[in-house]
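See structure below.
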Amino acid sequence: MREMDLRARVNELMPQAQEELAELVAIRSVADPRQFPPDECRRAATWVADAFTEAGFTDTRLADTPDGSQAVVGSRPCGKENAPTVLLYAHYDVQPPLKDDAWHTPPFRLTEVDGRWYGRGAADCKGNILMHLTALRALGDDLPVNLKVVVEGSEEQGTGGLEAFVPEHADLLRADTILVCDTGNVAVGHPAVTVNLRGMVTMIVTVDALPSELHSGMFGGPAPDALAALVSVLATLRDDKGNTTVRGLPDDGLWPGAPYPEAQFRVDAGLFPGAPLLGGAGVADMLWARPAATILGIDCPPVVGSAAAITPHARARLNLRIPPGVEPDEAANALTEHLTAVTPRGVHLSTEVEACGRPFRSATDGPAYRAMADAMQAAYGRPMSRLGQGGSIPLCTVFAETYPDAEILLIGVEEPLARIHAPNESVAPQEISAMALTEALFLRDYGSPS
């Protein structure tokens, strides 16, 4: 099918994409039974399986994974001898909406505002599911590659269901090229492939100081204080400039690619005017080449209802991002040793690793990479950029280890204004259409090289 025809077909399909994205966003598929009913994830999985069946995948099914989640798997052979196989990846689970009162629109209702579509998962990653479906519908029966699909059900929880499933079912998902569609572009209208991912360690830190609360007037001063100890420990994770300073981890990495302009980062992050940037290096170095520790949450008495008492126990949840070249076990050990070394006298500190993910660096010299660059140039009318990604996708490393000969390309509809994981997540519909066209052109040309 000619590029002009594919472009027209994608444009015709966009109303259907909006309608179906609205259906999918309305399903509250947070893969945490403590927050949302598990039936919501099963509803989303069934919706995705039905959609890919309608798109020509004849053996689509739900597969149980070791963490209790369900992945959607299926295949669509093209019937052509020696045709390459492409695996399409996305995930249907989403982050919790966090503070509902911070959303300008209902988080589980797709809402159009100023040309963007708002809703939890609109970009990460349900928008990428619609990108796949729109590309496949645009191509119709004109498919020169064998296709497989896997849509994960617990990616946002980091519990590793699909990471454990893949090696145990290697032949089921084996492919020449894997499109991991859970990243995105430099900006709306500026296409990119992500070639570098930081890994991560998520850790629970617990400080125990007393058997129970004590009156702060009668005992405060000489008695150990769990919350004060936790605060002092956490303060050692950053220096005065804001650099992450975990003993034993390198903090001098440099990003070898194009820089991330400071002015653009300020806009993308929505920083307050005049707010200083943290760290002693450029934005790209800090985001993509160095470790970064973030305090995700603290368990302690809330302000409202707190008593004049010393806190006996306190906990924090930490997220440590690590660049390529650092292994998660190494980082977890370094973080534990660092925290233990700075723990004040009189309290006991313990750590528990909740989740780990290895960093990833992709190859950029294969035929699929070249075909993707050509497809993005044709779809967007401008060259493809290479990006780093501060976030983690541990599955990429599992794919690389399980299928060492496969090319792995990270693309998607996300871009900085999408505000994934935050309130008011949104997607630019033109990114869904342009990336769907990109994927359609890629599949057409990768399977039929000139």
Does Glu425 use its side chain to pair, donor to acceptor, with the backbone of Ala123 at less than 3.5 Å?
yes

Checking Asn185 side chain against Ala192 main chain: does a donor-acceptor pair fall under 3.5 Å?
yes

Please verify the inter-ring angle class for Tyr89 with His91; under 30° counts as parallel, over 60° as perpendicular, anything in between as tilted.
tilted

Tyr260 and Trp288 aromatic centres sub-6.0 Å:
yes

Trp117 and Gln18, any side-chain heavy atoms less than 4.5 Å apart:
yes

Heavy atoms of other groups near Arg419 CZ, more than 12 under 6.0 Å
no

Looking at CZ of Phe272 and CZ of Arg266, how far apart are the two atoms once the value is rounded to the nearest 0.5 Å?
12.5 Å

Given the side-chain rings of Phe36 and Phe108, with only the six-membered ring counted for Trp, is the space between their centroids under 6.0 Å?
yes

Is a side-chain N or O of Lys126 found less than 3.5 angstrom from the main chain of Leu24, in a donor-acceptor match?
yes

Atom CG in Leu133, atom CD in Glu20: separation rounded to 0.5 Å?
6.5 Å

Nearest-0.5 Å distance, CD of residue Glu401 to SG of residue Cys396
11.5 Å

Quick check on ring-ring contact (aromatic ring centres under 6.0 Å, His included): which of Phe57, Tyr92, Trp47 does Phe52 satisfy it with?
Phe57

